[in-house]
Asker: 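Starting off with a structure, shown below.
All chains are named by letter (A, B, ...) in the order of the sequence lines, taking the proteins before the strands, and each is independently numbered beginning at 1.
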Protein chains: 2
Amino acid sequence: MSNLINISEAASLALHSMALIARNQPQRMNVKVLARDLDVSQTHLAKVFQKLSKNGLVKSVRGPAGGFELDKPAEDISFLEIYEIIEGKVNLTDCPLGKTHCVFETCIFGDELNRISADIYATLKEMNLSKF
Amino acid sequence: MSNLINISEAASLALHSMALIARNQPQRMNVKVLARDLDVSQTHLAKVFQKLSKNGLVKSVRGPAGGFELDKPAEDISFLEIYEIIEGKVNLTDCPLGKTHCVFETCIFGDELNRISADIYATLKEMNLSKF
DNA sequence: TTTATTTAGGTACTTCAATTCCTAAATAAG
DNA sequence: CTTATTTAGGAATTGAAGTACCTAAATAAA
Ligand code: FES
Ligand code: FES
């Protein structure tokens, strides 16, 4: 069973966590309860948050009653931003696979899939945390 | 650097190989020349072809001058069919990640990404080997 | 018939990313 | 000040995908 859109487990966790934090504003949330809510290991989720924190999406507070909170308004945090912090910058070139050398001079997918890739990109860019 | 559409290296090899074989019809091609053309290891490509062969997409001929040829008309072999043999059946449910249990009652992606997943699916189903 | 070529397929190895483990640092509460 | 809680981050482990190795089976050509 496979998915057509490429969103890793880690990126999924990041998106779900950020949505939960947005919904819970202005109170912050810690990895313990987030991990419980999302039913994943604390350590894995903690790693995800190190990236989110280092990239300025969340502000971390250590110690008792600590945790994470959004570091800017919810509507200013797009799904794309979260996605790219975890997965790396999205590659939008002539080939949906980002291939530079191919036996075929023109990409075997024509430009159908590129059109769709651009569509996904725009969609992720439009979606933000304001709706939670 | 990441791609938004989920196509593994193996699936990419399968699609490119099948396109090469379609283009080279009615002569068959063997893994040796295909691997050279695609610049990958013979053994890896051979594994991909075991799946394609077992699933009736190509007919294998052993021995000198052997190799693989399409086992049905090029226009009857869709990209989707090739894709699913390698990646597994595509999951088209209410969630683009195929998640069944989620903290959010309604998928955080709304139905935007589902619409797009269905779009990719339809596109892969439409595309076939007749154009090569 | 013998030999060379080519696919079939099991097993093992490698590599890279995902995941976990463990300790340190920060800080609020008692 | 001490303790409990929580994030930070390096190191180690695991796991999956890709790759290689090896032998068997088929078959065309010599
Ligand atoms: S160039 Fe896009 S698949 Fe080969
Ligand atoms: S249900 Fe689709 S992402 Fe959570």
Asker: Would you classify B:A10 as touching base, sugar-phosphate or nothing, given that sugar-phosphate means primed atoms plus P, OP1 and OP2, and contacts are heavy atoms under 4.0 Å?
Answerer: sugar-phosphate

Asker: Residues in side-chain hydrogen bond (donor to acceptor under 3.5 Å, both in side chains) with B:N128, at least two apart?
Answerer: B:S130

Asker: Does B:F132 have any ring-ring contact (aromatic ring centres under 6.0 Å, His included) partners at least two apart in sequence or in another chain, and if so, which?
Answerer: A:F104

Asker: Expressed in angstrom and rounded to an integer, what is the separation of B:E69 atom CD from D:dT27 atom C1'?
Answerer: 14 Å

Asker: Which of these passes side chain to side chain contact (heavy atoms under 4.5 Å, CB included) with B:L70: B:R28, B:M18, B:K59?
Answerer: B:M18

Asker: Can you sort out the partners of B:T93 under side-chain hydrogen bond (donor to acceptor under 3.5 Å, both in side chains), two or more places apart, ordered by chain and number?
Answerer: B:N91

Asker: Between protein and nucleotides 2-10 of chain D, map the contacts as a letter string: B base, S sugar-phosphate only, - none, heavy atoms under 4.0 Å, written 5' to 3'.
Answerer: --BBBBBBB

Asker: I need the full list of ring-ring contact (aromatic ring centres under 6.0 Å, His included) pairs touching residues 20-48 of chain B, with sequence neighbours left out, sorted by first then second residue.
Answerer: none

Asker: Rounded to the nearest angstrom, tell me the gap between atom NZ in A:K51 and atom C1' in C:dA18.
Answerer: 10 Å

Asker: Round to a whole Å and report the spacing from CD of A:E87 to P of C:dA18.
Answerer: 8 Å

Asker: The criterion is side-chain contact (heavy atoms from CB on, under 4.5 Å); which residues satisfy it with B:T43, sequence neighbours excluded?
Answerer: B:S41

Asker: Nearest-Å distance, CD1 (B:I86) to C1' (D:dA17)?
Answerer: 13 Å

Asker: In whole angstrom, what separates B:H44's NE2 from D:dA16's C1'?
Answerer: 12 Å

Asker: Can you list everything that forms a salt bridge (Lys or Arg N to Asp or Glu O under 4.0 Å) with A:E87? Sequence neighbours excluded, please.
Answerer: none

Asker: Is there a residue in residues 13-23 of chain A whose heavy atoms reach under 4.0 Å of DNA chain C, and which residues are they?
Answerer: none

Asker: For B:S12, check side-chain hydrogen bond (donor to acceptor under 3.5 Å, both in side chains) against everything at least two apart and list the hits.
Answerer: B:H16

